[in-house]
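Contents: one structure, followed by commentary.
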Amino acid sequence: MNESLILIPMRDVVLFPGMAIPITIGREQSLAAAQEAVKSGRKIGLVLQKQAETNTPEGHHLHSMGTIANILRYVTTSSGTHHLVVQGEERFRIVNYVQDQPYLEANVEIIPEVETDDADIKARMRHLQEKAIETVQLLPQAPPEVVSAIQSIEYAGALADLISNFLDISPQEKQAILETTALRERLDKVAEHVRHQLEVLKLTREIDQQTQQSMDARQREFMLRERLKAIKKELGEDDDDSNQAEIDELKQAIADANMSDEAAEQARKELKRLQKMPEASGEYSMIRTYLDWLTNLPWNVLATENIDIAKAREVLDEDHYGLEKIKKRILEYLAVRKLNPQGRSPILCFVGPPGVGKTSLGKSIARSLGLPFVRTSLGGVHDEAEIRGHRRTYMGALPGNVIQELRKAKHRNPVFMLDEIDKLGGGGYHGDPAAALLEVLDPAQNETFRDNYLALPFDLSKVVFIATANVLDAIPGPLRDRMEVISLPGYTEDEKVEIAKRYLLSRQLEAHGLKPEQVHVNEAALHSIVADYTREAGCRNLERELAAVMRNAAIQIAESKTERVAITPAELPDILGAQRFESEVAMRTSVPGVATGLAWTPVGGDILFIETTKMPGNGKLIITGQLGDVMKESAQAALSLIKSQARRFGVDPQVFEKHDIHLHVPAGAIPKDGPSAGVSIFTSLVSLLSERKVRSDVAMTGEISLRGLVLPIGGVKEKCLAALRAGIHTVMLPARNRKDLEDVPENARKQLNFVWLERVEDAISVALEIAELDMQTAA
Ligand SMILES: Nc1ncnc2c1ncn2[C@@H]1O[C@H](COP(=O)(O)OP(=O)(O)OP(=O)(O)O)[C@@H](O)[C@H]1O
């Protein structure tokens with residue numbers, strides 16, 4: 001059905017059926033149309049212009065479809081503008097124009113909306129609804145009621161129109177939707193727009209969130225930095241200033257350190273790098289530590305060496321009792337050094353058991369030279385880096401202990417004691433520490449010693465190195481060759497009592513805050529402490545026991561129980577407990593088959609008991625205890641010797657047919673290797689088999705041959721001292737060791753009775769209690 005309709009051309013608005021919108025009327029033509037419609041109560045048709053710019057459009061300037069609208073309101077404002085509020089009702093298509101002026105009028109064909117229950121349409125409608133709601137929710141400008149409007153719409157066409165109304169698309173696109181009368185196509189077209197719009201919105205939202213996040217992160221960092229600044233300021237660590245101050249300080253320190261040219265240049269280079277680095281970076285602190293090391297090393301600080309031989313003698317005597325030979329050698333060493341300061345002094349190496357004064361001699365040397373004293377222990381050093389440092393690329397790298405000690409010494413020429421050089425670990429995965437040490441000690445190389453951490457040469461040629469060791473044999477060969485060995489064998493009981501009286505007592509008194517008049521330890525008590533409570537070559541335990549005595553005295557005086565404590569042997573059991581080394585020898589040797597041997601160990605000499613026993617069997621030798629192979633051989637040799645000449649030694653040969661013999665060396669700790677137990681094993685066996693006891697005051701050492709000769713052994717000095725300590729008065733030694741007697745301290749010699757053995761029979765005749773052997777008949 002055609003009807004004539006007054007048209008208002010629209011520049012950029014498309015009205016959809018069912019929508020109410022306000023429009024502003026500006027053009028004459030439109031105003032005429034609006035007024036005519038209002039006057040005559042007619043509806044109007046709104047049609048989009050093909051081009052918005054056209055001012056006085058004619059029919060051909062307009063699209064062919066529009067929307068019939070009811071005018072809800074017509075308002076003219078005081079400023080003369082005219083507004084209409086219109087409500088769209090139905091689509092129409094223009095059939096032909098009736099007039100252009102004063103307003104446009106055309107015959108139009110109404111296109112009614114055809115609704116349907118078609119499932120396909122319904123499904124598309126639901127889908128569109130969902131997507132549209134999702135979209136609306138992302139649209140900040142969409143009024144909330146739109147969602148409920150979308151939800152409540154029942155007709156597909158109306159839904160498409162409603163959604164098109166608020167879609168953010170161009171008027172031409174809206175017009176295209178308006179012109180799509182077929183429902184399914186219209187729904188699809190709108191859905192396509194919604195989908196696109198949804199994507200755009202989602203993307204926008206994402207970008208929004210990202211920028212929001214990065215803004216947040218940046219803001220956060222900014223805020224934290226500001227806060228940090230404030231905190232630092234509060235703590236007086238104001239960033240910029242302290243950094244600069246530190247750099248200035250380092251610059252000054254480099255200038256003051258009097259480094260070698262190479263080191264100074266390296267330091268300046270590192271400082272430059274440091275300046276460019278943020279203070280918080282890990283590398284900053286690495287370089288800072290490195291510069292700290294460089295500037296604190298005594299590159300050119302030399303203590304004045306002042307050798308006064310008379311004074312040196314005084315110092316040595318003041319600090320040490322006895323040790324005459326050693327003191328003499330040290331004085332010679334100092335004299336040569338004084339006369340030829342440029343010459344290479346040998347490296348001294350003190351070898352001896354613990355507590356014999358190796359360290360304190362080193363300190364005395366430093367004192368008499370007027371040089372600082374430092375020491376480092378090489379015991380258990382397996383890694384070359386402990387001596388030579390780690391490269392700086394290592395996490396937590398530091399210089400090796402040579403450079404570390406020199407920093408402590410604050411001088412380039414200290415007396416540097418290398419302790420326990422015999423316990424240096426062997427070369428392995430971590431490089432060879434002995435090789436590194438050789439470089440340290442080698443005068444040809446140590447002028448330019450390179451620590452891995454410093455990576456710069458440091459001059460060690462002025463350092464006075466002194467080494468110490470317990471055992472000479474354990475020092476790596478090449479190192480031993482470079483040193484002059486000075487042996488300290490250990491002290492006799494009298495010497496130790498003397499050392500205690502002169503040095504240790506006063507030192508312990510002072511250490512415990514006691515005055516000399518408050519505590520008196522008499523000589524007998526000192527002898528008892530040395531003999532009954534310690535059995536050692538040096539003075540370590542003696543010093544410890546004396547400390548215990550002082551502690552006891554200190555309590556009594558502090559509690560005001562007494563003003564003066566006098567210590568005699570009678571007091572000792574209460575203070576130190578039961579005597580530890582009492583008549584062990586007598587007790588042990590109270591049955592046949594036990595002989596007292598003398599052994600050499602790294603901590604001096606010691607006694608050991610060789611025990612044998614017999615049991616029913618057929619002449620087998622059973623050996624137990626931790627015996628080394630050499631000692632087992634000695635035992636076998638001794639037994640063979642006895643078997644071959646049984647009668648000669650007063651042994652019934654039949655005893656071997658009915659008995660097995662069991663040999664045991666019970667004392668722990670000491671290495672029982674070494675052939676020197678031969679004589680003791682032999683004596684013990686003869687004692688057992690001839691059923692005569694071994695004298696308890698006799699100890700023996702010596703290797704034996706299968707023919708019964710006694711062969712020489714080592715460690716005479718240490719063994720004699722050990723015998724004395726154990727309360728033994730007769731020592732049996734191989735005759736061929738007679739020449740070593742001069743090494744045994746004189747007062748020890750005086751207290752001992754020496755028996756020189758050529759053949760094993762000599763041992764039997766002295767050691768066994770009832771010496772009624774009839775050698776002639778036996779032979
Ligand atoms: N001849 C001596 N005169 C005075 N005191 C001595 C003498 N010998 C050792 N001493 C004292 O004995 C104690 C132990 O000596 P020191 O520490 O020098 O032994 P060491 O041989 O270096 O032992 P280690 O091998 O265990 O380091 C020190 O207090 C030291 O002064």
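Every number for a ligand or one of its atoms is a count from 1 in the order of the listing. Side-chain atoms are counted along with the backbone in the values below, which use heavy atoms only and exclude waters and symmetry mates.
With 3.5 Å as the limit, one finds a donor-acceptor pair spanning the side chains of Asp319 and Ser364.
Under a 3.5 Å cut-off, the side chain of Ser377 and the backbone N or O of Gly379 do form a donor-acceptor pair.
Arg507 counts as a contact of ligand 1, since one of its heavy atoms falls under 4.0 Å from the ligand. Taking a 4.0 Å cut-off on heavy atoms, Leu488 fails to register as neighbouring ligand 1.
For the pair Asp442 and Arg482, the salt-bridge criterion is met [side-chain N within less than 4.0 Å of a carboxylate O]. Using a 4.0 Å cut-off between a side-chain N of Lys or Arg and a carboxylate O of Asp or Glu, Lys462 and Glu305 do not qualify as a salt bridge.
Per-residue contacts place Pro354 under 4.0 angstrom from the following atoms of ligand 1 (heavy atoms of the residue considered): 23 (O), 25 (O), 26 (O). Ligand-side atoms of ligand 1 in range of Asp319: 3 (N), 4 (C), 5 (N), range being under 4.0 angstrom from any heavy atom. Here is the list of ligand 1 atoms found below 4.0 Å of a heavy atom in Glu543: 13 (C), 28 (C), 29 (O). Shown in contact with Tyr491 at under 4.0 Å from a heavy atom are these atoms of ligand 1, numbered in order with element: 1 (N), 2 (C), 7 (C), 8 (N).
Counting heavy atoms closer than 4.0 Å to ligand 1, residue Ile499 contributes side-chain atoms (C-beta onward) but none from N, CA, C or O.
In this structure, Trp293 and Tyr453 have perpendicular ring planes: the angle between them is above 60°, well past the 30° mark.
With Gly352, Cys539, Ser364, Gly357 as candidates, the residue nearest to atom 15 (O) of ligand 1 on a non-hydrogen basis is Gly357.
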